[in-house]
Amino acid sequence: MSNIIYITSANDLDRHVPNIYSNKFLGLDTETTALNPKDGKLRLIQLKGCQDGNVYVIDAYKIPTEYIAIKLGDLLSGSDHRLIAHNFKFEYMWILSKLGIRTRYTFDTYIASLMIDFYAKHSLAELVNRYLGIQLDKTQQTGNWDVNDLSQEQLVYAALDTEYLETLREKQLEKLAKTSQINAYTLELDALPAISEMQLNGIPIDVAKYSKLVETITKERNARAEKLTEFLETRGGTVDRPVKYKQSSLFGLDDRLVSEEININSWQQVLPVFNSMGIPIESTDANVLEPLLSEYPQIQLLLDYREYEKLSTTYGQTLLEKVDNGRLYSDFNQIGTITGRLSSKNPNLQNIPATKMFRECFSTEPTGRKLVIADYSQFELRILAAYSNDTSMINAYTNNIDLHTLTTHNVFNVPIEEVTSKYKHLRQAAKITNFSTVYGISPPALARRLKAQGVSDASEELAEKLINGFLSGYPGAAKWLQNQEKSIHRTPYVTTVAGHRIPLKFDRNDKSSVRSAQRNARNYPIQSGNACAVKLALIRLTDDLNKNYKDAKVVVSVHDEIAVECSHNNAEDIKVLLEKHMLESANYYFNNVPIEAEAKICTNWGEK
């Protein structure tokens, strides 16, 4: 254990600052009284000198944070990149919130762990045990830190959080270099401040409007619940009064008659009743139910109820309870999926229904500010065109020919100029096919998807015709997709445009496992290419805003969309800036195909 130097006064800090600065690398950690800077106080700042071996534990209760900021400002924000941390986003947000300093860093062991083995566990204790065989005592993690005098056990616990960071950095750097991921790791580190600040910014929400929406959803949910319950309890009107039903158990159908009131949220109770009416459903999952709708329209009652039940429970009052002073704050994970896409939780903003009634509630109207929102047009298809150098796709994008229209023309041999006026239904089928074929969808699965999305004459024959039409119409893309599938046996991973290595784990003796890996080999490079471009855009955009438009801030990013909140006066400038950074970032990785990103000035998220 390193020597702990507990700093409790301004004079103490003055005396030790030269020694702190003398270290080439410093492990950094903080102790706080809450997980969110809005909800708590900064308690300690720990700095482990990787050269002098001391752990400097600075007490933010006994030394004014303004003074700490002055003394450590150059160290924390310096361009010499000497700070190492685990989950730097946490430290970045707290130090920015409490000290007003945008921290510069050289290494994050959490991000490195995600890139080395996404499926492993990534806590600091797990890493120390995995790499060094040492058990970290985390007993004090849930202790009371909001006290004036900390115990010796708490100080030791705080110091240990920085003790092994430099050693972990050395071992993880070796693994990243071995897999040629240093450049990709640099992208992730550079994206960390932008994503941290987006999380701190939150997104504005009109509470009054959203409350009315919740009321409407609740009423609709209750009405659908009543209809479904009546249908089930009267067996679709075949009996005059509610009936008892048989309940499924772990061992099949339980012959006991258990109740006259059906719990419509229990699939064990709902399925037997549907089955007793000759409706053969094995699951209440929408993917199972939707293909059966044409034959058993009664299923729509269950689908309608489940839709509004989910809206009510996930996006109803529980979401409103998370609103803080007119804003909703989500927790963003910058490597939230194995492809490197952002994820969001508590609440999950990326799963907010993309309908106007929901998104219009996320509004700047009460404040008079604006939302500038931009997204890429058909970005994943353009990425496929770039990877495959498909001549037909690139020519279409170069000449502003809509790819869905072109696919409709190729598959159905209808005049291309008449597609949007006379053959909209065919274009819809082609659009679904374009996006689905990229990910290796089968004809039966495509037929189900077409049917679920309103293509009335959907069949496996039509689906097969659409898939074959896509592949024959874009032979370069078809060859690239085929080569990606073949590659899994010689190279069981894919590499992103930025250099991430994404493993393809599968059992060579299991056909379904192999098929899954083949689909992943097709779609991982496309999804990750999207993620890399968006992260680069967030990096450049956030840096530009912080330097030149301090009243503007990124408030959300969902897939290939970025939204910026700004003053009315700066909205036009921000529109130009947002489009510029999104286009340049995409072109940095994909320069052989035209990219489109269109921004719009809005008062709410639903206007885009």
Side-chain angles (χ1 to χ4, degrees), residues 34-41 93-94 96-97 195-225 306-333 342-375 545 549-559 561-571 574 578 599-608:
L35 294 176
N36 195 309
K38 297 186 287 79
D39 303 327
K41 305 171 187 174
M93 291 195 303
W94 275 91
L96 178 57
S97 297
I195 295 164
S196 301
E197 292 187 33
M198 179 170 65
Q199 181 166 323
L200 281 174
N201 293 336
I203 186 170
I205 182 169
D206 188 327
V207 174
K209 183 176 287 188
Y210 200 91
S211 297
K212 289 180 180 177
L213 175 60
V214 171
E215 289 179 12
T216 301
I217 290 170
T218 303
K219 288 179 182 177
E220 293 289 341
R221 180 255 180 215
N222 292 341
R224 282 159 174 76
R306 286 179 60 82
E307 177 188 359
Y308 276 89
E309 171 67 7
K310 180 179 179 181
L311 292 176
S312 177
T313 54
T314 308
Y315 307 110
Q317 190 61 37
T318 53
L319 187 139
L320 275 174
E321 291 169 0
K322 299 180 188 297
V323 175
D324 184 352
N325 197 27
R327 303 187 80 84
L328 203 56
Y329 297 89
S330 182
D331 183 358
F332 291 96
N333 185 344
L342 294 177
S343 68
S344 165
K345 65 180 181 180
N346 197 32
N348 186 347
L349 293 179
Q350 298 188 331
N351 274 2
I352 295 289
T355 57
K356 186 175 181 180
M357 70 175 183
F358 272 93
R359 288 198 165 192
E360 69 181 3
C361 296
F362 294 86
S363 172
T364 56
E365 191 170 0
T367 64
R369 288 165 64 79
K370 294 293 181 182
L371 284 177
V372 183
I373 308 169
D375 59 1
L545 295 179
Y549 297 92
K550 297 186 184 299
D551 78 312
K553 49 193 175 185
V554 179
V555 294
V556 70
S557 177
V558 175
H559 303 315
E561 178 184 61
I562 298 173
V564 180
E565 180 186 354
C566 65
S567 67
H568 173 81
N569 293 337
N570 286 332
I574 299 301
L578 180 54
K600 183 178 180 181
I601 299 171
C602 311
T603 56
N604 66 66
W605 198 5
E607 290 180 4
K608 180 67 171 82

Seminar exercise, completed: Taken in chain and number order and not counting sequence neighbours, the residues that satisfy side chain to side chain donor-acceptor pair (under 3.5 Å) with Ser363 are none

For this session: Would you sort out whether Trp94 and Leu35 count as a side-chain contact (heavy atoms from CB on, under 4.5 Å), showing the intermediate values?
Result: CA-CA 9 Å; Trp94 275 91; Leu35 294 176; over 6 Å; no

For this session: Quick one: do Arg327 and Glu565 satisfy salt bridge (Lys or Arg N to Asp or Glu O under 4.0 Å)? Show the steps, please.
Result: CA-CA 12 Å; Arg327 303 187 80 84; Glu565 180 186 354; 2.5 Å; yes

For this session: Show your reasoning for whether side-chain contact (heavy atoms from CB on, under 4.5 Å) applies to Ser557 and Met198.
Result: CA-CA 8 Å; Ser557 177; Met198 179 170 65; 3.9 Å; yes

How long is the gap from [atom1] on [X] to [atom2] on [Y], to the nearest 0.5 Å?
| X | Y | atom1 | atom2 | result |
| --- | --- | --- | --- | --- |
| Ile203 | Lys553 | CD1 | NZ | 11.5 Å |
| Lys550 | Asn570 | NZ | CG | 12.5 Å |
| Ser211 | Ile205 | OG | CD1 | 8.5 Å |
| Thr216 | Tyr308 | OG1 | OH | 9.0 Å |
| Leu320 | Cys361 | CG | SG | 9.0 Å |
| Lys370 | Glu365 | NZ | CD | 8.0 Å |

If we only count heavy atoms from C-beta on, is the [X] to [Y] side-chain gap below 4.5 Å?
| X | Y | result |
| --- | --- | --- |
| Tyr329 | Leu200 | no |
| Leu342 | Gln350 | yes |
| Thr318 | Thr313 | no |
| Ile562 | Ile373 | no |
| Leu371 | Val564 | no |
| Leu311 | Glu220 | no |
| Leu319 | Leu328 | yes |
| Phe362 | Asn604 | no |

What are the two closest non-hydrogen atoms of [X] and [Y], and how far apart are they?
| X | Y | value |
| --- | --- | --- |
| Gly316 | Tyr210 | O-CE2, 4.1 Å |
| Ser330 | Gln199 | O-CG, 3.0 Å |
| Tyr549 | Ile574 | CG-CD1, 3.8 Å |
| Tyr315 | Val214 | O-CG2, 4.2 Å |
| Cys566 | Val372 | SG-CG2, 3.8 Å |
| Met357 | Leu213 | O-CD2, 3.3 Å |

Problem set entry | Between Asn333 and Lys345, a side-chain donor and acceptor under 3.5 Å | no

Problem set entry | Test item: side-chain donor near acceptor, Thr603 and Glu607, under 3.5 Å | yes

Exercise. Does a salt bridge link Glu561 with Arg359, judged by any charged N lying under 4.0 Å from a carboxylate O?
Worked result: yes

Exercise. Checking side-chain contact (heavy atoms from CB on, under 4.5 Å) for the pair Val554/Glu197: CA distance, chi angles, key distance, verdict?
Worked result: CA-CA 8 Å; Val554 179; Glu197 292 187 33; over 6 Å; no

Problem set entry | Lys209 atom NZ: more than 12 heavy-atom contacts under 6.0 Å | yes

Exercise. How about Glu307: does its CD atom have over 12 heavy atoms from other parts shown lying under 6.0 Å from it?
Worked result: yes

Exercise. Can you check side-chain contact (heavy atoms from CB on, under 4.5 Å) on Lys38 and Asp324, steps first, answer last?
Worked result: CA-CA 9 Å; Lys38 297 186 287 79; Asp324 184 352; 3.1 Å; yes

